Amino acid sequence: MNESSDESGGFHVDQRVHIAGGPRRIGTVRYVGVVEGHEGMWVGVDWDGYDDGKHDGSVAGVRYFDARTPRSGSLVRPRSLCGGVSVYEAVERRYRGDYTKEEEDEMYVLSTRNNRVSIEFVGKNKVQEKLSQFEDLIGASLAYLGISSAGPPLQINATIPNLKELDLTGNLLSKWQDIGAICEQLPDLRVLNVSNNVMRHDIPELPSLGNIHVLVLNNCSITWKEVEVLKESLPKVEEVHLMANKLSEIMPAPPSSDATYVKGFTSLRLLNLEDNCIHSWDEVLKLSQLRSLEQLHLNKNKLRHIFYPAYHPRPASEDDFNSQDQRIRPFEKLHCLLLGCNEIEDLASVDSLNSFPSLRDIRLSENPIVDPEKGGIPRFVQVARLAKAQILNGSEISPRERKESEIRYVRLVINKMQSKEIDHLHPRFMELKELHGIDHEGPSTGSTGLQKMSSGLLSVTLKCVGPSMGEKAHLTKKLPPTTSVGKLKVLCESLFKLKSIRLRLFLQEEGSPMPLLLNDDMDTLVDVGIWNGATILVDEEIQ
């Protein structure tokens, strides 16, 4: 038995390994044994990279294991694999041994102002100089060093006793017991990053994470069931990052009297669920009773519709004040909600954001509803419809932008909508019309309505930006608001002498990273929300 173990290198099924000399090529052992037609012992590995292997676990018609993809499996000799090192050994390698330029860039200490300061050593005594700084090391990056265990008891504490931030990204850790053993030896640890370690779903005993304030578990194959277990050991956690875990459901712990909502996490301010597989907003609503939650990151999911839940407060009794299950207003403290790159396509979802009591930082970019090329609304309409937003898609909304956007929006609605449709489709219309003192007399179905709307001329600056147009001075023209996009193109051809070029016009908007394409020649300046002082970019069509 010992001889067999020696031949197999001591590897076992479900062990995390990396290729010898390549700590970034990581996989899981799925088979240890003989291979028909070959001598000695072999190890079957299912690599994390979908194409890092050669087959799906079968060779020459014999199946040895089932790989996740057709080309993620390999059969390799034990000598070609590494089963990992301890945290102490990784610290030795990163901060004491010879290192590459890439490793030098990741070697730092944190100053008293929390800035990273690179460690530089010269001369023959650099080892002793490194050793002298270990007690001052409060932030360490041990990413992709093949760490698989904490190592001997107290060894970490004796080496880096004052560590506050630890990055263990991309190692071979899989057991929560090992994570707990590491944290036990680092009583000052506040920030722990375990991203890109494939963690096991079973948690036989709670790890010691009592002092952790920021926990990063991106791409760890974790489910919400494990999150519910771990929260019992995270009384002080303020940020939890769970990106890229293929989460589709949020399942509150059942023992609660109300298992509809996630409870606990009393200090949690930021929850990052980006790049997951959440389809239903009902799953997100299970987080609405987290009392301290201020930021919720949901970019890159599959959400199609959002809404604010009904809330009917009832008079509180003395028992309610003493109860942990007392219901609060949904998302009471949430001020940042990131919804970029989802599948939201209805205006009702946008308007519902006004019902969140504290929301002021919103991201909607890369959703169909805000993509004008897919029939979505431009930035100025988003600003006007979102009454409390101060930051939209990462860009601050200035008082000037808000005022101009709201005025443009009201004029657009007056020109486009029938009166009976306005209240239903544009909830803020009457409020904004009164706020900015804009008059209108019924729907703009006849020429009288349009003439009244369009009695003033708009001052518009035209800028040529096409690569073959050459340098041309900007022109500012006063145009009737009823001027169509098609007529404006003809005017630009004449003004800039561009007869042989097919034009495209873009509206440059404050706060928007990309200008808005004016792609319908029949739209008027009013239709597309052009305001007095607007800038239009004159470009050429790509052949």
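Just so it is clear, the model here is predicted, and its values are computed rather than measured.
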Q: Taking ring pair (Phe, Tyr, Trp, His ring centres under 6.0 Å) as the test, write out the residues that go with Phe380, two or more places apart.
A: none
Q) Which heavy atom of Ile536 sits nearest a heavy atom of Leu505, and at what distance? A) CG2-CB, 4.1 Å
(Q) If I compare all heavy atoms of Leu458 with all of Ile530, which pair ends up nearest, and what's the gap? (A) CD1-O, 3.6 Å
Q | Atom pair NZ/CG of Lys302 and Asn276 - distance to nearest 0.5 Å | A | 10.5 Å
Q. Just by distance, with hydrogens left out, do Lys236 and Asn211 show a side-chain donor and acceptor under 3.5 Å apart?
A. yes
Q.
So that I can tick it off, tell me whether Lys333 and Glu294 are bridged by a salt bridge, with the cut-off set at under 4.0 angstrom between side-chain N and carboxylate O.
A. no
Q) Does some side-chain heavy atom of Ile397 sit less than 4.5 Å from a side-chain heavy atom of Ile391? A) no
Q) Taking atom NZ of Lys300 as the centre, does the number of heavy atoms from other residues, nucleotides or ligands within less than 6.0 Å exceed 12? A) no
Q. Should Arg428 and Glu406 count as an ion pair when the cut-off is N to O under 4.0 Å?
A. yes
Q | Working for side chain to side chain contact (heavy atoms under 4.5 Å, CB included), residues Val240 and Leu270 | A | CA-CA 6 Å; Val240 175; Leu270 185 154; over 6 Å; no
Q.
If we ignore hydrogens and angles and just use 3.5 Å, is the side chain of Thr69 paired with the main-chain N or O of Tyr50 as donor and acceptor?
A. yes
Q.
Quick test of your reading: applying salt bridge (charged side-chain N to carboxylate O under 4.0 Å, His left out), list the pairs with at least one residue in residues 347-357, sequence neighbours left out, ordered by first then second residue.
A. Asp351-Arg385
Q. At what distance, to the nearest 0.5 angstrom, does CG of Leu517 lie from CZ of Arg504?
A. 6.0 Å
Q: Could you tell me which residues satisfy salt bridge (charged side-chain N to carboxylate O under 4.0 Å, His left out) with Glu366, sequence neighbours excluded, listed by chain and number?
A: none
Q.
Quick one: does any side-chain atom of Asp46 pair with a main-chain N or O of Arg68 as donor and acceptor, under 3.5 Å?
A. yes
Q | Leu479 side, atom CG; Ser484 side, atom OG - distance, nearest 0.5 Å | A | 11.0 Å
Show every donor-acceptor pair shorter than 3.5 Å between a side-chain atom in residues 463-473 and any protein atom, with sequence neighbours excluded, or say none if there are none.
residue : atom : partner : partner atom : Å
Ser468  : OG   : Glu540  : OE1          : 2.8
Ser468  : OG   : Glu540  : OE2          : 3.0
Lys472  : NZ   : Phe496  : O            : 3.3

Q: Taking Arg291 for its side chain and Ser267 for its backbone only, find out whether a donor-acceptor pair lies under 3.5 Å.
A: no
Q: Report yes or no: do His305 and Ser349 form a side-chain donor-acceptor pair below 3.5 Å?
A: yes
Q.
Distance alone, cut at 3.5 Å: any donor-acceptor contact between the side chains of Thr524 and Thr482?
A. no
Q. Under 3.5 Å, side chain of Asn354 to main-chain N/O of Ser352, donor-acceptor pair present?
A. no
Q) Side chains of Leu503 and Asp539: does their closest heavy-atom pair fall under 4.5 Å? A) no
Q.
Is it the case that the side chain of Arg25 and the backbone of Asp52 share a donor-acceptor pair, with hydrogens and angles ignored and the cut-off at 3.5 Å?
A. yes
Q. To the nearest 0.5 Å, what is the distance between CG (Leu386) and CD (Gln382)?
A. 7.0 Å
Q: Measure across Leu488 and Leu525 and return the closest heavy-atom pair with its distance rounded to 0.1 Å.
A: CD2-CD2, 4.1 Å
Q. Donor-acceptor pair, Asp523 side chain versus Val485 backbone, under 3.5 Å?
A. no
Q. Hey, does the side chain of Asn193 reach the backbone of Asp167 with a donor-acceptor pair shorter than 3.5 angstrom?
A. no
Q.
Under a 3.5 Å distance rule, please check whether Asn272 uses its side chain to pair with a backbone N or O of His241 as donor and acceptor.
A. no
**Q.** Euclidean distance, Lys54 NZ relative to Asp56 CG, rounded to 0.5 Å
**A.** 14.5 Å
Q. Side chains of Tyr409 and His426: is there a donor and an acceptor less than 3.5 Å apart?
A. yes
**Q.** Residue list, side chain to side chain donor-acceptor pair (under 3.5 Å) with Asp521, at least two apart or on another chain
**A.** Lys489
Q: May I ask you to check whether over 12 heavy atoms, not counting those of Lys388, lie within 6.0 Å of atom NZ?
A: yes
Q.
Tell me whether Glu396 at atom CD has more than 12 heavy atoms from other residues, nucleotides or ligands lying less than 6.0 Å away.
A. no
Q: Taking all heavy atoms of Ser72 and all of Gly49, pick out the closest pair and write down the distance.
A: CB-O, 3.8 Å
Q: For the pair Lys225 and Glu228, find out whether any cationic side-chain nitrogen is under 4.0 Å from an anionic carboxylate oxygen.
A: no
**Q.** Set of residues satisfying ring pair (Phe, Tyr, Trp, His ring centres under 6.0 Å) with respect to Tyr308, sequence neighbours excluded
**A.** Phe356
Q. Do Asn299 side-chain atoms and Glu274 backbone N/O form a donor-acceptor pair below 3.5 Å?
A. no
Q) Of all heavy-atom pairs between Asn301 and Leu273, which one has the smallest distance, and what is that distance? A) ND2-O, 3.0 Å
Q.
For Leu192 and Val216: C-alpha separation, side-chain torsions, deciding distance, then whether side chain to side chain contact (heavy atoms under 4.5 Å, CB included) applies.
A. CA-CA 6 Å; Leu192 177 63; Val216 186; over 6 Å; no
(Q) Checking side-chain polar atoms at under 3.5 Å, does Ser398 have a donor or acceptor matched by the opposite partner on Glu401? (A) no
Q: Using atom types as modelled and distance alone, determine if a side-chain donor or acceptor of Asn245 lies under 3.5 Å from a backbone N or O of Leu247.
A: no
